[in-house]
Amino acid sequence: MSFDNFSFGLIEAAGTHIFNMKAIVIVLFFIFAIIVVGYLIGRISIKGVSLGTAAIFLVALVAGHFKGVAFGENGHTGISSWVDSLSSVDTYFSMLQNIGLILFVTSVGLIAGPSFFKNLKKNAKSYVLLGAIIIASGALVCALVTLFVPNMTSAMSVGLLSGALTSTPAFAAAQGALDGTEFFSEIAVGHAVAYPFGVIGVVLFVQIVPKVMHADMDKERALLVSVDTGEAQKKGKVKKLFSLEKFGLGAFALAVICGLILGSINIPLGNGTSFNLGTTGGPLIMGLIFGHFGHIGKLSLKVDEYLLSIFQELGLVFFLIGAGVDGGTDFVSTLKDYGGWVFLWGALMTSIPLFIGFFIAKKCLKLSLFNNLGSLTGGMTSTPALGALINSTGTSNVASAYAATYPIALILVVLASQFLTYLPNLTA
């Protein structure tokens, strides 16, 4: 009898009533357990640097692995009472991830909206250039790995790139380009391997850099505000506004609805492929627009700041849980099959664009530190890193730089992923 079967047999004998829980109850139990354990680990600080909310992702990875064992994935027998619930459980966690993403990016958009367009107008060229450089450097590393690493397929390499940049649209684009080929499944494998470092690496980077540079946080916040706001905001011309309710939840829901519609619009790219902003770009852009204008006619689009801060944190937590549980399912088995080198290639696809982007933003574009780090999180398309940066800097204004860089990075990483799938391996 294997260790897994023995250990889970003992648990099953000791907890019959727990194993008879319905799928939704199982999911709810693990969601809140992951939150508690994740926050406890996130509180651990080493020389002032901590994982914070991102620790929830690590706990979710572990939970995702044991979900595969308990529910019979990856060749495991699973716990008999749970095996039939697997499809329902996966659906619930996928829905949780998408709800969390929508809550987070819409909140970020509404918070950053009042200052975003002034910031974009003043620094548009810098952000577009930086986003392009970050994605181009990541694509270059991916191309070199594909061409010169023995037995590396373009499917595995592009999967690593999408995971390294935590980009679901790039992942989907690569799958669309290789749909029906024998290498299709390798995209998901590469994505799952590179994703953890793609999250944790950028989260740690944006916290460590200000400490290494001994940054004056108050001064950097002042520089960020001065860049973002520019001229004093004009007084609202509409004196009396109609609110759906006192907290602005109705306005928030309206921003989400409009964002989902915008994100679903497909833009043809040729060869039967298309691009859309999805559940990240659509709600983010509509949040920025709603936050900028503040009203439609006499209908107020204002959302209570405290509600936005709650949605921002709750959304990030839900997103990390869903992504971690999904990625954890194949993580251990993938490392066993492919070895540690494939993890290293993914880490390089995260690290090299990150350092190149930071150096260029600092030395060439002369961006202030917080604008630099905010634009890096956008260029790396890293939602968790933005959450960590907001917490570590103590200001949501860094979201303006994220939102300015994110769209160009999103478009370029989708196009790059499709192009890179055609590269051959020269050592084969």
Side-chain angles (χ1 to χ4, degrees), residues 52-54 100-124 126-128 130-131 134 166 202-203 205-207 210 217 220-230 233 252 255-256 259 277 279-294 301-317 319-320 357 361 367-410:
T53 308
L101 184 61
I102 289 169
L103 286 175
F104 180 81
V105 298
T106 306
S107 299
V108 165
L110 288 166
I111 292 170
S115 61
F116 169 72
F117 290 100
K118 298 183 184 72
N119 188 22
L120 182 61
K121 182 179 180 180
K122 186 174 182 179
N123 301 285
S126 298
Y127 290 128
V128 171
L130 186 60
I134 290 173
T166 62
V202 187
V203 165
F205 184 87
V206 298
Q207 292 184 86
M217 303 298 275
E220 293 298 336
R221 278 191 289 268
L223 288 173
L224 181 64
V225 170
S226 66
V227 171
D228 282 348
T229 56
Q233 296 185 8
F252 187 95
V256 171
L277 291 171
T279 53
T280 300
L284 175 63
I285 290 175
M286 291 311 302
L288 290 169
I289 293 172
F290 276 39
H292 173 72
F293 289 103
L301 301 178
K302 296 291 185 182
V303 182
D304 184 80
E305 291 183 5
Y306 186 66
L307 181 67
L308 286 177
S309 66
I310 292 175
F311 278 178
Q312 180 176 285
E313 180 71 8
L314 184 65
L316 182 60
V317 166
F319 170 74
L320 291 174
L367 295 181
S368 67
L369 179 60
F370 287 177
N371 263 321
N372 185 338
L373 296 177
S375 60
L376 278 182
T377 62
M380 297 294 293
T381 66
S382 179
T383 303
L386 174 60
L389 184 61
I390 289 172
N391 289 332
S392 63
T393 60
T395 174
S396 294
N397 286 332
V398 290
S400 293
Y402 169 92
T405 312
Y406 175 84
I408 185 64
L410 177 66

Out of curiosity, Arg221 CZ to Leu223 CG, how far, rounded to the nearest 0.5 Å? 11.5 Å
Out of curiosity, Leu308 CG to Glu313 CD, how far, rounded to the nearest 0.5 Å? 13.5 Å
Interatomic distance, Asp304 atom CG to Phe252 atom CZ [nearest 0.5 angstrom]: 12.5 Å
Considering only heavy atoms from C-beta outward, does the side chain of Asn391 approach that of Gln207 to under 4.5 Å? no
Taken to the nearest 0.5 Å, the spacing of Ser392 OG from Phe370 CZ works out to 7.0 Å
Could you tell me if the side chain of Tyr402 sits less than 4.5 Å from the side chain of Ser382, heavy atoms only? no
Do Thr166 side-chain atoms and Thr381 backbone N/O form a donor-acceptor pair below 3.5 Å? yes
Walk me through it: do Leu386 and Tyr406 pass the test side-chain contact (heavy atoms from CB on, under 4.5 Å)? CA-CA 11 Å; Leu386 174 60; Tyr406 175 84; over 6 Å; no
Smallest heavy-atom separation, Ala385 atom then Val206 atom, equals O-CG2, 4.0 Å
Report the distance from atom CD1 of Ile111 to atom OG1 of Thr395, rounding to the nearest 0.5 Å. 9.5 Å
Under 3.5 Å: donor-acceptor pair, side chain of Thr106, backbone of Leu103: no
Which atom names give the shortest non-hydrogen contact between Met217 and Pro210, and what distance separates them? SD-CB, 4.3 Å
Heavy-atom pair with the smallest gap, counting every atom of Val303 and Leu307: CG1-CD2, 3.8 Å
Leu316 versus Gly387, closest heavy-atom pair with distance: CD2-CA, 3.8 Å
Nearest 0.5 Å please: distance from the CG atom of Leu130 over to the CG atom of Asn372. 7.0 Å
Looking at every heavy atom in both Ser107 and Phe311, which two are closest together, and how far apart are they? OG-CB, 3.2 Å
Where is the tightest heavy-atom contact between Gly357 and Ile134, given as atom of each residue plus distance? CA-CG1, 4.0 Å
